[in-house]
2 protein chains.
Amino acid sequence: MKHFSELSGAAERVVDVAEVLIQQAGYNGFSYDDVARQVGIKKPSIHHHFPTKADLVAVVAQRYTHRFRQELLGIEGKHAKAAQRLTAYAALFEATYAQDQRLCVCGMLGAEAQGLPPEVRQEVNYFFAANLEWLTHVFASGAAQGGLRLSTTPQAHAQLFLCALEGAMVVGRGGTPTMGPAMVGESLISLMLA
Amino acid sequence: MKHFSELSGAAERVVDVAEVLIQQAGYNGFSYDDVARQVGIKKPSIHHHFPTKADLVAVVAQRYTHRFRQELLGIEGKHAKAAQRLTAYAALFEATYAQDQRLCVCGMLGAEAQGLPPEVRQEVNYFFAANLEWLTHVFASGAAQGGLRLSTTPQAHAQLFLCALEGAMVVGRGGTPTMGPAMVGESLISLMLA
DNA sequence: GTCTATATAAAGATAGAC
DNA sequence: GTCTATCTTTATATAGAC
């Protein structure tokens, strides 16, 4: 598969637009023509960069995951305590959601997963696995350092935290203003403070 | 809008099939022809019962929400303690998820909400509002009775609980086996036991 | 890299017969 | 209530010129 680091300028603009469209409407909710119009080129030019829709979306997910992992490293460099890291982690989701209630790319694709091409599913899966691994480490450290009080395994806390944030982006999108990821994350963290 | 209680036998079979298709692939992931084939009739017959796709999906969501509220009443009749009610509530999500990782109808439609017809969005919104109201009451009761230890408002706990369960159905659908709604719910409940 | 033109299939929806 | 036939639009994708 193509790697996002090898994209030309035009191809990168295509990925930029496709990413937002996926966050808004999902894999089945946008077309090559939507992308073409927003980028300002024609449909066949999109196919030139990404022969199939599966190619395009896989690269979108790949780049999204890579950037997310960069953010995780950034959090590790900026915060020492587990609770601070979790707050910063929730803020990543909040930053996306604050832009017109955009969804996590992989949250949206995860919901649609059953009908997606394998290469896309694989990238989505990798995103969740990487996040769970990172969160598991944070919870284990928090428990060891005494800052967090766990009621079960670090793995289960990681799963719970990720699910709560992904869910926060889905719930209430219908219209009624509800709590966003940052507040949901804060509620959960407050339950685990030692 | 049509009410699900007025559906003919054939129309109800259409709704049955559409419900599962929505859970698997979402609003944009299935077609009238998919429904027609599975029901065993032709496409125009579906249009006879539901002129537009928005009509059909709105009725699916409407019936889904009604049945969910019946389940909530059932839980109230079966369990007195807040913690028990929350476990039973999580089991509702687990029962759906256990069938080929089917999603909550309104979780899926919530993710797609930005591109959906207003009448569908309204039903989805009503589902979330009804669930949050019920959960808020359970948490308030649990705190008053002393069975649950809340770190913030009952409203925030309700939001957190619903988000965690909806998220649990999305995360890990990519392939890696992770925790389902029942386990995520149990992890969260264990954090709140007094 | 981008375009015009085109192929092919599928989508949502309607008309009108039975 | 169901069907065949059809309309119209859109989707993904390709061929080949510039």
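Please read all numbers here as calculations on a predicted model, not as lab measurements. First the proteins, then the strands, lettered A, B, ... as listed; each starts at 1.
Closest heavy-atom contact between A/Ile189 and A/Leu86: CD1-CB, 3.6 Å.
When the ring pair (Phe, Tyr, Trp, His ring centres under 6.0 Å) test is applied to B/Tyr126, no partner is found at least two apart in sequence or on another chain. Annotation: side chain to side chain contact (heavy atoms under 4.5 Å, CB included) contacts of A/Ala88 (sequence neighbours excluded): A/Ile75, A/His79. The side chain to side chain contact (heavy atoms under 4.5 Å, CB included) check on A/Ala82 picks up A/Val138, A/Leu148, with sequence neighbours excluded.
Ring orientation note: the planes of B/His66 and B/Phe4 are tilted relative to one another, at an angle of 30° to 60°. Classified by interplanar angle (parallel below 30°, tilted 30° to 60°, perpendicular above 60°), the ring pair A/Phe139/A/His157 is tilted.
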Please enumerate all protein N or O atoms sitting under 3.5 Å from an N or O of nucleotides 12-15 of chain D, with distances to 0.1 Å.
residue	atom	partner	partner atom	Å
D/dT12	OP1	A/Lys53	NZ	2.7
D/dT12	OP2	A/Tyr32	N	3.0
D/dT12	O4	A/Lys43	NZ	3.3
D/dA13	OP2	A/Lys53	N	3.0
D/dA13	N7	A/His47	NE2	3.2

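Looking at A/Gln24 and A/Phe30, their side chains never come closer than 4.5 Å, going by heavy atoms from C-beta outward. Using a 4.5 Å cut-off on side-chain heavy atoms (C-beta onward), A/Met1 and A/Glu123 make contact.
Cation-pi geometry between A/Lys53 and A/Tyr27 is met: under 6.0 angstrom from the ring centre, within 45 degrees of the axis.
The distance between the ring centers of A/Phe93 and A/Phe68 falls below 6.0 angstrom.
Of all nucleotides in DNA chain C having an atom under 4.0 Å from a heavy atom of chain A, the first and last in 5' to 3' order are C/dG1 to C/dA5.
Using five terminal pairs a side, the axes of the helix from C/dG1-D/dC18 to C/dC18-D/dG1 at its two ends make an angle of 10°, given in steps of 10 degrees.
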